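Since the model is a prediction, treat every value here as computed from it, not as a measurement.
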Amino acid sequence: MIGDFFREKFTSKGLYDSKTVINRDSEAAIDKTVLFGSSGLLLIITAAFLLRPTSSALLLNELYIFVTTQIGVLYLVAAIFTIVFLSWLACSSYGSIVLGAANKPHYSTAKWASMLFCSGIGGSLIYWGGTEWVFYYIDPPFGLSPLSDESLKWALAYGLFHWGPVGWSFYCLPAIALGCSYYLEGSSNFRLSEACRPILKDFTTRWPGRVVDLLFLFGVIASSATGLGFGIAIVSAATSGLFQIADSSILQISVIASATVLITFSVYRGLDKGILVLSTVNVFMALLFICSVFLLGPSKFILEMGVVSLGTFAGEFFEMLTWSDPRERNDFVESWTVFYWAWWIALGPFMGMFIARVSEGRTIRQVIVGVLAYGSAGCALFFIVLGNFSLSLQLDGAYDLVAKVSEGISPAVIMAEVVSFLPFPKIWLAYLAVIGLIFTATTYDSASYVLASGSSKSFGASRQPARWLRVFWAMALGALPLTLLYLGGLRELQTASLIGSLPIMSLYIVLASSIVRTLKKIQLQVS
């Protein structure tokens, strides 16, 4: 009823028909303040890190320790709040409201799910999918004994937890807020400040709103650096193993250059002809890779351990959700759960904008259930297959992942060596490099599209940001991840997400309040 009412209302006004746009100008309007502010910030940070690498690395380390040890519990509270709020929203009468006036979703479920998954994950899933359990096995939660059977059970389940419904809920809440703003309130763009308009009111277009947009773009840049850094490391390690060359800065620069060329072409082509095509190819290659590892590896063992992992995850979900380690037995929560929630939060508005953009014609309930279910299922598939394949190598004595991690070997290098145990290792190393590059490029072009959207006042007749602006962000984004890899690696990449998430975390309450106010107003208009 509510969805039909708004379809009729908006279509009659010519606002949300798929062939019309709010801004009928032929070109998109650029917000110079936000564009120059965000790109200037990127330039300053990158230059400072390159000019003073030692002091920059020390500063990042101090920031990492402060955030994780002093305010880490706030991230746990944010996780509980977000998953509970979305569960209530999906089950309420608000869940039937349709985002937009389309009679059916703009994209099929398969295409929609593939874009969500590829844009939201990137090469990070390959980076961690086969190795994350090792870190938990060596340094387990709850004060468990390292390298024990009990720690192994929890190690395999925690990967599913950190990449499961809670993480994807951090993407979903901003998506609903932005969808309400654009499709239901009539906003001319997907800016985060517009999603906060029910709270900010007249301050939306003034400095409070501008600050929200700048914080959003800062979060996108910082969190993208983390994910892109992981993806670059995977491609570089696989290429190094394939051609037996050093995994050097020159090789990583070459990887970034290759990814930049690919995504510049993709974002130039636009959403339907670029990002959609790249996502479709990516999903096909990813599923082929996972199916091949499952069939060529110890299939029975992978399946059996997968069932155990899913059972532990389902049975212990609420304990993992609320575990804060008040007695501080180790730094597991700070190093992993807090880091992951910070990463998801920093990426939240970025992915929320993208999800809202591709979810026209779907109900709020469909968006919530689809994002949480499809995203979690895709991640679980990678962790179960890759994680248990590498575990089988550990248990059989074929490859000692525990020793490699203890020696400080990068997960990217370990993953490349794990793939080498498949039949025809050279072929699979090349395949890993290609799929890692496409995963990285998919994240790149999605981030570029979102940054271009966030720095636009309105869209043109194409309903997309200006082409030159998308290309600009595609080329600019490669600087920060390369700089962070140059400074040291994993800790620096993690810290980027932590810093980027701090200002955004407080906005989640504002976004949730804005959603409720908007939907209440809708129900009053319908009644």
- Less than 4.5 Å apart, any side-chain heavy atom of Thr82 and any of Val166? no
- Please check if the side chain of Ser506 supplies one atom and the backbone of Pro503 the other of a donor-acceptor pair under 3.5 Å. yes
- Item | Set of residues satisfying side chain to side chain donor-acceptor pair (under 3.5 Å) with respect to Glu132, sequence neighbours excluded | Tyr136, Trp163, Tyr340
- Does Tyr431 have any ring-ring contact (aromatic ring centres under 6.0 Å, His included) partners at least two apart in sequence or in another chain, and if so, which? Trp428
- Task: Check whether any side-chain heavy atom of Tyr158 lies under 4.5 Å from a side-chain heavy atom of Pro141, and answer yes or no.
- Result: yes
- Query: Does some side-chain heavy atom of Phe289 sit less than 4.5 Å from a side-chain heavy atom of Leu432?
  - Reply: yes
- Sorted by chain and residue number, the side chain to side chain contact (heavy atoms under 4.5 Å, CB included) partners of Ile290 (sequence neighbours excluded) come out as Leu381, Phe382, Val385, Leu386
- Residue from Leu214, Val510, Val212 passing side chain to side chain contact (heavy atoms under 4.5 Å, CB included) with Leu192: Val212
- Could you pull out all residues at least two apart from Val434 that satisfy side chain to side chain contact (heavy atoms under 4.5 Å, CB included)? Met285, Ile438
- Message: Strictly distance-based, threshold 3.5 Å: is any side-chain N or O of Thr518 a donor or acceptor partner for the main-chain N or O of Ser514?
- Response: yes
- Task: Verify side chain to side chain contact (heavy atoms under 4.5 Å, CB included) between Tyr94 and Gln523, making sure each step is shown before the conclusion.
- Result: CA-CA 8 Å; Tyr94 299 140; Gln523 284 198 333; 3.2 Å; yes
- Could you pull out all residues at least two apart from Val516 that satisfy side chain to side chain contact (heavy atoms under 4.5 Å, CB included)? Phe85, Trp88, Lys520
- Query: Is Arg210 close to Arg191 at the side-chain level, that is, under 4.5 Å between some pair of heavy atoms?
  - Reply: yes
- Go through the steps for Phe339 and Tyr75 under the test ring-ring contact (aromatic ring centres under 6.0 Å, His included), then give the verdict. CA-CA 9 Å; Phe339 156 65; Tyr75 289 92; over 10 Å; no
- Query: Residues in salt bridge (charged side-chain N to carboxylate O under 4.0 Å, His left out) with Glu304, at least two apart?
  - Reply: Lys300
- Pairwise side-chain contact, Glu360 with Leu99, heavy-atom cut-off 4.5 Å (strictly under): no
- Message: Tell me every residue that passes ring-ring contact (aromatic ring centres under 6.0 Å, His included) with Phe313, counting only those two or more places apart in sequence or in another chain.
- Response: Phe317
- First locate atom SG of Cys379, then atom CG of Leu160, and finally report the distance between them rounded to the nearest 0.5 Å. 9.5 Å
- Query: Any side-chain heavy-atom pair from Val77 and Ile80 closer than 4.5 angstrom?
  - Reply: no
- Query: How would you list, by chain and number, every residue that makes a side chain to side chain donor-acceptor pair (under 3.5 Å) with Tyr374, sequence neighbours excluded?
  - Reply: none
- Item | All ring-ring contact (aromatic ring centres under 6.0 Å, His included) counterparts of Tyr508, not counting sequence neighbours | Phe170
- Contacts of Ser359 meeting side chain to side chain donor-acceptor pair (under 3.5 Å) (sequence neighbours excluded), chain-then-number -> Trp112
- Note on the structure: Heavy atoms of Ile384 and Gly306 approach each other most closely as CG2-CA, 3.6 Å
- Message: For Gln366, is there any backbone N or O sitting under 3.5 Å from a side-chain donor or acceptor partner on Thr363?
- Response: yes
- Note on the structure: Exactly one candidate in Leu507, Leu178, Ile504 meets side chain to side chain contact (heavy atoms under 4.5 Å, CB included) with Pro349; the answer is Ile504
- Query: Would a distance-only check, ignoring hydrogens and angles, find a side-chain to backbone donor-acceptor pair under 3.5 Å from Gln70 to Val67?
  - Reply: no
- Message: Checking Thr204 now: which residues fulfil side chain to side chain contact (heavy atoms under 4.5 Å, CB included) with it, not counting sequence neighbours?
- Response: Ser193, Glu194, Arg197, Leu200
- Decide whether a cation-pi geometry holds between Arg206 and Phe203; the criteria are a distance under 6.0 Å from NZ or CZ to the six-membered ring centre and an angle within 45° of the ring axis. yes
- Can you name the ring-ring contact (aromatic ring centres under 6.0 Å, His included) partners of Phe142, sequence neighbours left out? Trp154, Trp323
- Query: Does Arg365 use its side chain to pair, donor to acceptor, with the backbone of Ala90 at less than 3.5 Å?
  - Reply: yes
- Ser124 and Trp343: side chain to side chain contact (heavy atoms under 4.5 Å, CB included), yes or no, with the steps? CA-CA 11 Å; Ser124 309; Trp343 186 19; 3.2 Å; yes
- From Phe161, Trp133, Trp128, residue fulfilling ring-ring contact (aromatic ring centres under 6.0 Å, His included) relative to Trp336: Trp128
- Is Leu287 atom CG crowded by more than 12 heavy atoms from other residues, nucleotides or ligands, each under 6.0 Å away? yes
- Output yes when a side-chain donor or acceptor of Ser299 lies under 3.5 Å from a complementary backbone atom of Phe294, and no otherwise. yes
- Item | Close side-chain approach of Thr322 to Leu76, heavy-atom, < 4.5 Å | no
- Query: Ile234 versus Ile435: any side-chain heavy-atom pair under 4.5 Å?
  - Reply: no
- Query: How long is the span from the CZ atom in Phe389 to the CE atom in Met305, to the nearest 0.5 Å?
  - Reply: 15.0 Å
- Give a yes or no answer on whether the side chain of Arg362 reaches the backbone of Pro105 with a donor-acceptor pair at less than 3.5 Å. no
- Minimal non-hydrogen separation, Ala175 against Ala356, with atom names: O-CB, 3.6 Å
